[in-house]
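What follows is a single structure, written as structure tokens, with notes after it.
In the text below, chain A, chain B and the rest are named by the order of the sequence lines, each starting its count at 1.
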Amino acid sequence: YAKCGSLDEASSVFKRQPTKNLVTWNSMIAGYVQHGLGQAALDLYENMLQDGLTTADQVTFAFLLQACTSIGALHQGELLHANICESGLESDGLIGSCLIKLYSKCGSLKDARGVFDKLPMKDVVTWTAMISGYAEHGLGQEALALYASMQSEGMTPADPVTFLCLLPACANTGALQQGKQLHGQIQEMGLEADVMVGNSLVDMYAKCGSMGDARKVFDRLLTRDVVTWNALLTGYAEHNDAQMAVQCFDNMLQQGVEPDETTFICLLVACSHAGLVHEGQQYFKMMLEDGILPTVQHYNCMADLLGRSGRLKEAEAMLQAMPFHHN
RNA sequence: AUCGGUUUACUGUAG
């Protein structure tokens, strides 16, 4: 029931279970976590402790750590970490990855690294979790360095996920050469048909200033989604090529791809940087007509567009008419 | 029977 989306039914079956074993508890805790209800999962664990008949195992802890991660409950997570050590489960690979993710999402990369270093057996997921932690905190060089260590220990990526963490690291640090090497590995592994990998490659090349390569990857992709188009569009916008950005948008529409919120932000940015005030206003209207509700970020782009071109009063009026609080 | 790593966007300060 939980996995099929009916948490209510899962919960009512759970409550009616006369005896609950470890898997009963784990399944219900997992259900809450998978539905983004981290606090409910932690509360249920309290019930389990009060019940006193079941002892948590590595699966329980893995879900509880995910619950903490999802609600940013670092302190709770630290308490669980202590319990995990008391239970002798700190060397478990599954728990290790969850702890790394908890600490890194809560901004405590040193603790994440501490867990990583202490893990006796590291698999690709462990390495990737740590790489992802560095990458997400803008430490692209550390992420790439860790990948180098991973390879020197004879570990190779098994699927696209590791690349999906590394490519943004290259993108954010402008590491074009490393990005190209990764691209080579991706081709050797036959992963270039993966849409997410393709999107990341387009983004990486665009951010590294190589729009030609970005375009090549884009053109060769058999499957594209709105993110693929947005990544390319962002590239053009970022390189102050408003013409290409607009052309890209037109092509996108021609091919029947529905623009989303992000698409319009990319477009508005392109117009803003190029001083295309009128066009920007047109796109803003188009977005409203498409039934896309503008967010604070769209209004910010509009204020930027108007402000840059010296239309301060219009910019101010735009922000005052905005149906949200400013950020 | 229950379990871990996942891609794209904007502004503002200094340089």
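Residue A/T128 is classed as a base contact, given a heavy-atom separation below 4.0 Å to a base. Contact annotation for A/T162: base contact, defined as any heavy-atom pair under 4.0 Å involving a base atom. No contact: A/V197 has no heavy atom under 4.0 Å from any strand. Using a 4.0 Å heavy-atom criterion, one finds that A/G93 contacts the bases of the nucleic acid, with or without backbone contacts as well. When heavy atoms are screened at a 4.0 angstrom cut-off, A/D92 is found touching no nucleic acid atom at all.
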All N/O donor-acceptor pairs, side-chain side in residues 156-167 of chain A, below 3.5 Å, sequence neighbours left out:
unit_1: A/D159; atom_1: OD1; unit_2: A/V161; atom_2: N; d: 3.1
unit_1: A/T162; atom_1: OG1; unit_2: A/T128; atom_2: OG1; d: 2.9

Hey, can you pull the donor-acceptor pairs under 3.5 Å for the side chains in residues 175-191 of chain A, sequence neighbours left out?
unit_1: A/H183; atom_1: ND1; unit_2: A/Y205; atom_2: OH; d: 2.7
unit_1: A/Q185; atom_1: OE1; unit_2: A/Y147; atom_2: OH; d: 2.8
unit_1: A/Q185; atom_1: NE2; unit_2: A/Y147; atom_2: OH; d: 3.4

Donor-acceptor pairs under 3.5 Å, side chain of residues 22-31 of chain A to any protein atom, not counting sequence neighbours: which ones?
unit_1: A/T24; atom_1: OG1; unit_2: A/N21; atom_2: N; d: 3.0
unit_1: A/T24; atom_1: OG1; unit_2: A/N21; atom_2: O; d: 3.4
unit_1: A/T24; atom_1: OG1; unit_2: A/N21; atom_2: OD1; d: 2.7
unit_1: A/W25; atom_1: NE1; unit_2: A/T54; atom_2: OG1; d: 3.4
unit_1: A/N26; atom_1: OD1; unit_2: A/T60; atom_2: OG1; d: 2.7
unit_1: A/N26; atom_1: ND2; unit_2: A/D57; atom_2: OD1; d: 3.3
unit_1: A/S27; atom_1: OG; unit_2: A/V23; atom_2: O; d: 2.7

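Look at CD on A/E136: it is 11 Å from C1' on B/U7, rounded to the nearest Å. Residue A/L166 contributes atom CG, which lies 16 Å from atom P of B/G5 at whole-angstrom precision. Whole-Å rounding puts the A/F249 CZ to B/A9 C1' distance at 14 Å. Whole-Å rounding puts the A/I84 CD1 to B/G4 C1' distance at 12 Å. Between the C1' atom of B/G4 and the CD1 atom of A/I100 lies a distance of 10 Å, rounded to the nearest Å. Distance CZ (A/F264) to P (B/A9): 18 Å, rounded to an integer number of Å. Rounded to whole angstrom, the span from the CG atom of A/L182 across to the P atom of B/U7 amounts to 15 Å. Distance, A/M204 CE to B/U6 P: 20 Å, rounded to whole Å.
Neither side chain, A/D203 nor A/S200, offers a donor N or O lying under 3.5 Å from an acceptor on the other. Side chain to side chain, A/D194 and A/N199 fail the donor-acceptor criterion of an N or O pair below 3.5 Å.
Of the charged side-chain nitrogens involved, none lies within less than 4.0 Å of a carboxylate oxygen, so that A/K122 and A/E153 do not count as a salt-bridged pair.
Taking the six-membered ring wherever Trp is involved, the centroid distance between the rings of A/F284 and A/Y299 falls below 6.0 Å. Proximity of the aromatic rings of A/F249 and A/W229 is defined here by a centroid distance below 6.0 angstrom, and this criterion is not met.
Atom CD1 of residue A/I84 and atom CD of residue A/E78 lie 12.0 Å apart, to the nearest 0.5 angstrom.
Between A/S132 and B/U6 there is a side-chain polar atom (N or O) within less than 4.0 angstrom of OP1 or OP2. A close approach under 4.0 Å does not occur between any side-chain nitrogen or oxygen of A/K101 and OP1 or OP2 of B/G4. Distances shown here put every side-chain N or O of A/K207 at or beyond 4.0 Å from the OP1 or OP2 atom of B/U8.
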**Message:** Walk along nucleotides 10-15 of chain B from 5' to 3' and tag each nucleotide B, S or - by protein heavy-atom contact under 4.0 Å, base first, then sugar-phosphate.
**Reply:** BS----
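Listed nucleotides B/U7, B/G4, B/G5 differ in distance to A/T126; the shortest reach to its side chain belongs to B/G4.
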**CA sep, side-chain torsions, deciding dist, call: A/E136, A/K105, salt bridge (charged side-chain N to carboxylate O under 4.0 Å, His left out)** = CA-CA 8 Å; A/E136 273 189 14; A/K105 295 269 174 193; 3.1 Å; yes
Write down the protein N/O and nucleotide N/O pairs, taken from nucleotides 1-3 of chain B, whose separation is under 3.5 Å; answer none if there are no such pairs.
unit_1: B/U2; atom_1: O2; unit_2: A/N26; atom_2: ND2; d: 2.9
unit_1: B/C3; atom_1: OP1; unit_2: A/K3; atom_2: NZ; d: 3.1
unit_1: B/C3; atom_1: OP1; unit_2: A/Q34; atom_2: NE2; d: 3.4

**Message:** Only Watson-Crick and G-U wobble pairs with both distances less than 3.5 Å should count. Give RNA chain B in dot-bracket notation, marking inter-strand partners with |.
**Reply:** ...............
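Within 6.0 Å of CD in A/Q243 there are 12 or fewer heavy atoms belonging to other residues, nucleotides or ligands.
Taking both residues in full, the closest heavy atoms of A/L305 and A/G280 are given as CD2-CA, 3.9 Å, listed atom of the first, atom of the second, then distance.
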